[in-house]
Protein chains: 2
Amino acid sequence: MAVTLADVAARAHVSAATVSRVLSGNYPVAEDTRARVLRAVDELDYVVNGPASALAAATSDLVGVLVNDVADPFFGIIASAVQSELGAGKLPVVCNTGGSPERELTYLTLLLRQRAAAVVITGSAVEGGTGEGGADGEHAEAVAARIRRLAANGTRVVLCGRPAAFAPPGTALTLEFDNTGGARALTEHLIALGHRRIGYVAGPADRTTTRHRLDGHRAALAAHGLDGDAGRLTVHGPYDRGSGHAGALELLRREPELTAIVGANDTVALGVGAALRERGLSVPGDVSVAGFDDLPFSADMLPSLTTVALPLQEAGARAARLALGLEAAPAGGAAVLPYELRIRQSTGPRRS
Amino acid sequence: MAVTLADVAARAHVSAATVSRVLSGNYPVAEDTRARVLRAVDELDYVVNGPASALAAATSDLVGVLVNDVADPFFGIIASAVQSELGAGKLPVVCNTGGSPERELTYLTLLLRQRAAAVVITGSAVEGGTGEGGADGEHAEAVAARIRRLAANGTRVVLCGRPAAFAPPGTALTLEFDNTGGARALTEHLIALGHRRIGYVAGPADRTTTRHRLDGHRAALAAHGLDGDAGRLTVHGPYDRGSGHAGALELLRREPELTAIVGANDTVALGVGAALRERGLSVPGDVSVAGFDDLPFSADMLPSLTTVALPLQEAGARAARLALGLEAAPAGGAAVLPYELRIRQSTGPRRS
DNA sequence: TTGTACGCGTTATCAG
DNA sequence: CTGATAACGCGTACAA
């Protein structure tokens, strides 16, 4: 890695400054000079020193992408879309936080250290104990502080799937999913099918996404006077298959007359379905099952899963464009992305 | 971002060099001095300038991870494992190459520019037209050249799921999957069940993984004198659901008497199953179906999918350790990871 | 349009 | 164990 700007400059008989300008492309340079420089670059197989230019320019071409876990298709799809939209030139630094605010903080600091050009924070936030919908837990405060600092440094911050309230006003752009609307539509669908005792296997109680989806579910129930039992018919657990399995069993224990179970997401619904099968219950004959997210495999389940589709890909791509400043900020700095109810075979009329 | 090493030094009444040593931790510093420095760091909320230190130290703490597409669980799982094993401090730069050698080259160059500490290259390679098992296409040459340069720069290179032949000798460590062995075992399983006419929906013809899996399949067939028809009973396509769907239909057209179809991977098998159902064929009653990779959803399909499990997580974690130099290199610089045949419900005795 | 010269914030070498 | 000081390689006012 011996060849530097100076070497190229010498070979092209120009100054280092000129080479820099040719490579940056943001400054007028005579055509023949440029050609000479480019040839020298090629002949020497010169590769820019990223850290050096980042130091001098005070910004790198790294873009941080915080996700719970890339192995989870929900995040994998978003991360993939971000990365694709970034195009060559920008490099996505994908960080698994596992949903832990501490690790979020750690990575945000690391990204701050790298002078990242932008940061996309995906996934739900952990809510503080006291606030309701606000961002006032101590961790939320710390994360907000980091975001403020990032923004002050010129790093663009985009929240994707997290309420705008979790970043100080004016420091970030936000893309939210309509979790409440989707959940409500889903439960309305079940109620329309005649279901009255509907179980809900929710995510961890302290996540915003969990609460929003639950809010939508409860709103639908309340609209039909069915919310009296809501507390008893709700169990919490992580957003995984095991939680759906255990949750379904627990719900059935609490209320054998259940005719429908909603999973906090598709993966949970998968576990719910498996538990039901083990119990000898048919889906949707005995019990209807529904999920959320519409991950790729959901349509291929048997029976295919009724769920709520979220524009994950679009969200990621748009987040990337916002992060690069290629797209105008949405009005008010935040946009809500639409959901789409996907009624498939796992839900049907209530058993008589 | 005004606060620098010098500011901290001033506050702690020491030199910048001392602060640097305290923060790097790789140099003896008096206990009280260290405490004073640490306090100053804390009080000023100092954050190291990554690019600056990368420039001075000639290496960053970025680790490149090249994958086909993180949205694909196969790669998502590996990437996630790499990232988790990296721990805080190292940042994973995840690059989607879409399997394209050009983009692989582009990202490798970008990583070279960043002075990445290490690079993990996952996924199969594209084979040159002339060679057989070698790495002599022009693209392969170019990629090899980049790898050589990376290695020369001190960047550790780890190939994960790609033959060692695709990196110049001594420049990279390799973790390979036993695709051939797994494929052979899978087809042996089908043959043992009585199947004689077995279709195969393979991946793109020019990928090493495709060839290796096909080799294993053919070897099993040959061992039982069933390879006469192999060419006719094989179709190629991308590693996706649509390919499995179309492939199954085409195979059925070519040979209506087919009693089993193997997909190049689980996603392809999903498509195969869907096509079969549409044709009114039952699985495994009429036709047995098998996949490869054992992705998370495979066990939950109905019928659950017989497949070959690969230690994706372990591979990613180990690749990360090799990349960090935390684990001794395997003998000969390359290790082959074991597969595990997972016999489930999608395969059964040949219909009579 | 091109060259000069300095600064970016760290690390590492070399004294002390 | 600690302090100067010289790189590290590039961007960019400023000058020509």
Working for side chain to side chain contact (heavy atoms under 4.5 Å, CB included), residues A/Leu23 and A/Val48: CA-CA 9 Å; A/Leu23 294 179; A/Val48 181; 4.3 Å; yes
Touch class at under 4.0 angstrom, heavy-atom based, for A/Val19 against every strand present: nothing
Nucleotide C/dT2, atom P - distance to CZ of A/Arg34 in whole Å: 10 Å
Residues which pass side chain to side chain contact (heavy atoms under 4.5 Å, CB included) with A/Ser60, listed by chain and number, not counting sequence neighbours: A/Ala54, A/Leu62
Atom-pair distance (CG on B/Leu55; C1' on D/dA6), nearest Å: 13 Å
Check: A/Val14 main-chain N/O paired with A/Thr18 side-chain donor or acceptor under 3.5 Å: no
Atom pair distance, as rounded to whole Å: CZ in A/Arg36 and P in C/dT2: 8 Å
Interatomic distance, B/Glu31 CD vs D/dT2 C1' [rounded to whole Å]: 15 Å
Polar side-chain atom of A/Thr122 near backbone of A/Leu66 as donor-acceptor pair, under 3.5 Å: yes
Interatomic distance, A/Asp61 CG vs D/dC10 C1' [rounded to whole Å]: 13 Å
Gap between atoms CD and P, on A/Gln114 and C/dG9 respectively (whole Å): 15 Å
Pairs touching residues 14-30 of chain A that satisfy salt bridge (Lys or Arg N to Asp or Glu O under 4.0 Å), sequence neighbours left out: none
Under 3.5 Å donor-acceptor, A/Thr208 side chain and A/Ser124 backbone: no
Hey, can you pull the donor-acceptor pairs under 3.5 Å for the side chains in residues 81-106 of chain B, sequence neighbours left out?
{"residue": "B/Gln83", "atom": "OE1", "partner": "A/Asn96", "partner atom": "N", "Å": "3.0"}
{"residue": "B/Gln83", "atom": "NE2", "partner": "A/Tyr107", "partner atom": "OH", "Å": "2.8"}
{"residue": "B/Ser84", "atom": "OG", "partner": "B/Ser80", "partner atom": "O", "Å": "3.0"}
{"residue": "B/Glu85", "atom": "OE2", "partner": "B/Arg321", "partner atom": "NH1", "Å": "3.2"}
{"residue": "B/Asn96", "atom": "OD1", "partner": "B/Val70", "partner atom": "N", "Å": "3.0"}
{"residue": "B/Asn96", "atom": "ND2", "partner": "A/Ser80", "partner atom": "OG", "Å": "3.1"}
{"residue": "B/Thr97", "atom": "OG1", "partner": "B/Val67", "partner atom": "O", "Å": "3.3"}
{"residue": "B/Thr97", "atom": "OG1", "partner": "B/Gly99", "partner atom": "N", "Å": "3.1"}
{"residue": "B/Ser100", "atom": "OG", "partner": "B/Glu102", "partner atom": "N", "Å": "3.2"}
{"residue": "B/Ser100", "atom": "OG", "partner": "B/Glu102", "partner atom": "OE1", "Å": "3.0"}
{"residue": "B/Ser100", "atom": "OG", "partner": "B/Arg103", "partner atom": "N", "Å": "3.1"}
{"residue": "B/Glu102", "atom": "OE2", "partner": "B/His139", "partner atom": "NE2", "Å": "3.1"}
{"residue": "B/Arg103", "atom": "NH2", "partner": "B/Asn96", "partner atom": "O", "Å": "3.1"}
{"residue": "B/Glu104", "atom": "OE1", "partner": "B/Arg162", "partner atom": "NH1", "Å": "3.1"}
{"residue": "B/Glu104", "atom": "OE2", "partner": "B/Arg162", "partner atom": "NH2", "Å": "2.8"}
{"residue": "B/Thr106", "atom": "OG1", "partner": "B/Glu102", "partner atom": "O", "Å": "2.9"}

Side-chain donor/acceptor of B/Asp69 to backbone N/O of B/Ala71, under 3.5 Å: yes
Using nucleotides 11-16 of chain D, report all nitrogen or oxygen pairs with the protein that are shorter than 3.5 Å.
{"residue": "D/dG11", "atom": "OP2", "partner": "A/Ser20", "partner atom": "OG", "Å": "2.7"}

Sequence-distant partners of B/Asp42, salt bridge (charged side-chain N to carboxylate O under 4.0 Å, His left out), two or more places apart: none
Axis bend over the full length of the helix from C/dT1-D/dA16 to C/dG16-D/dC1, computed from five pairs that close each end, to 10 degrees: 30°
Residue closer to the 5' end of DNA chain D, B/Val29 versus A/Gly50 (nearest nucleotide): B/Val29
Atom-pair distance (CZ on B/Arg115; C1' on D/dC8), nearest Å: 11 Å
Distance test, side-chain N/O of A/Thr4 to OP1/OP2 of D/dG9, below 4.0 Å: no
